Visitor: 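The structure is given below, and queries will be raised subsequently.
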Amino acid sequence: MTDYTSRRTMMVDTQVRPSDVTKFPIIDAMLSVPREAFVPDGKREAAYVGENLEIGGGRVLLEPRTLAKMIDALDIQPGHVILDVACGLGYSTAVLSHMCDFVVAIEDDEARAEEAQSLLSGQGVDNAAVMFGPLAEGAAKSGPYDVIILQGGAEQVPAALLDQLREGGRIAAVFAEGTLGVVRIGHKIDGVVNWRFSFNASAPVLKGFEKDRAFAL
């Protein structure tokens with residue numbers, strides 16, 4: 001029988017802490033949430049690897065280091081309401097739920113959204129809700145949000161999503177730049193989101209977050 005608890009501890013000790021993520025709420029959440037419960041059944045043995053894990057449909061579960069460093073840079077507080085975009089099967093939502101008041105998760109695959117909600121409920125997460133819909137549209141009716149986090153890559157972030165960020169709020173995204181990528185943190189000040197480099201990372205670009213391609217003859 002696989003000892004996932006030991007693997008979880010090793011993940012934190014070898015992937016998260018060495019990446020300068022030391023805040024207790026983040027460490028505690030990543031030690032507490034069973035990552036293996038939020039991946040496709042055939043991927044459980046790979047749940048704690050230090051790289052992005054494919055979950056189907058061109059989507060990935062972000063590597064633990066990337067997720068932890070994004071959360072760290074967002075400075076999440078207990079009273080925050082968070083929008084988790086492209087939550088997959090709900091792992092990121094479960095982690096975030098340990099640190100804030102409520103998480104609204106959005107998923108564009110209906111079956112995956114239903115499974116994520118079921119998995120979260122099965123783990124006793126009662127301060128999160130998974131909604132089905134286009135990722136780029138977010139969940140405006142439940143906003144505005146103190147924090148928005150994208151669980152995948154982006155070439156650009158749609159204005160419709162940025163509009164759901166509360167004044168003074170923060171957003172994190174992995175921006176695709178050629179074969180490489182960078183995580184940037186956006187701060188909303190006077191209605192405008194200003195982006196700053198945080199660290200290097202990569203992830204497949206999410207549907208609806210591609211740059212508009214100009215038509216050329």
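On a predicted model such as this, the values are computed, not experimentally measured, just so you know.
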Visitor: So R59 and E107, side-chain contact (heavy atoms from CB on, under 4.5 Å) or not? Walk me through it.
Guide: CA-CA 11 Å; R59 294 276 299 284; E107 180 51 60; 2.8 Å; yes
Visitor: Can you confirm whether L119 sits close enough to E115 that some side-chain heavy atom of one is under 4.5 Å from a side-chain heavy atom of the other?
Guide: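 Contact flag for L119/E115 side chains = yes.
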Visitor: When rounded to the nearest 0.5 angstrom, what distance separates CZ in R7 from CZ in R44?
Guide: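 Result: 12.0 Å between the selected atoms.
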Visitor: For N127 and V125, run side-chain contact (heavy atoms from CB on, under 4.5 Å): C-alpha distance rounded to whole Å, both residues' side-chain angles, the deciding distance at 0.1 Å, then the answer.
Guide: CA-CA 6 Å; N127 63 331; V125 179; 3.7 Å; yes
Visitor: Do K43 and F38 come close enough that some side-chain heavy atom pair is under 4.5 Å?
Guide: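 K43 does not reach F38 side chain to side chain.
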Visitor: Should side-chain heavy atoms under 4.5 Å link Ile, Leu, Val, Met, Phe, Trp and Tyr, which residues sit in the same cluster as M10?
Guide: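 So far as hydrophobic clustering goes, M10 is joined with none.
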Visitor: Show your reasoning for whether side-chain contact (heavy atoms from CB on, under 4.5 Å) applies to V33 and Y91.
Guide: CA-CA 8 Å; V33 176; Y91 174 72; 3.6 Å; yes
Visitor: Taking side chain to side chain donor-acceptor pair (under 3.5 Å) as the cut-off, I'd like each qualifying pair that reaches into residues 129-139, sequence neighbours left out, listed once.
Guide: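 Sorted pair list comes back empty.
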Visitor: Restricting to non-hydrogen atoms, name the atom on S202 and the atom on N52 that form the minimum distance, rounded to 0.1 Å.
Guide: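 Nearest heavy atoms, S202 then N52: O-ND2, 2.8 Å.
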Visitor: Aromatic rings Y4 and Y48: how do their planes relate, parallel, tilted or perpendicular, breaks at 30° and 60°?
Guide: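 Rings of Y4 and Y48: tilted, 30 to 60°.
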Visitor: Stepwise, does the side-chain contact (heavy atoms from CB on, under 4.5 Å) test hold for V183 with I185?
Guide: CA-CA 7 Å; V183 171; I185 306 298; 4.3 Å; yes
Visitor: Out of curiosity, D109 CG to I55 CD1, how far, rounded to the nearest 0.5 Å?
Guide: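 CD1 of I55 is found 9.0 Å from CG of D109.
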Visitor: Taking the side chain as every heavy atom from C-beta outward, state whether C100 and V147 have any pair of such atoms under 4.5 Å apart.
Guide: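 No. Closest side-chain heavy atoms not under 4.5 Å.
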Visitor: Tell me, which pairs form a ring-ring contact (aromatic ring centres under 6.0 Å, His included) where one or both residues lie in residues 115-173, sequence neighbours left out?
Guide: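 Not a single pair qualifies under ring-ring contact (aromatic ring centres under 6.0 Å, His included).
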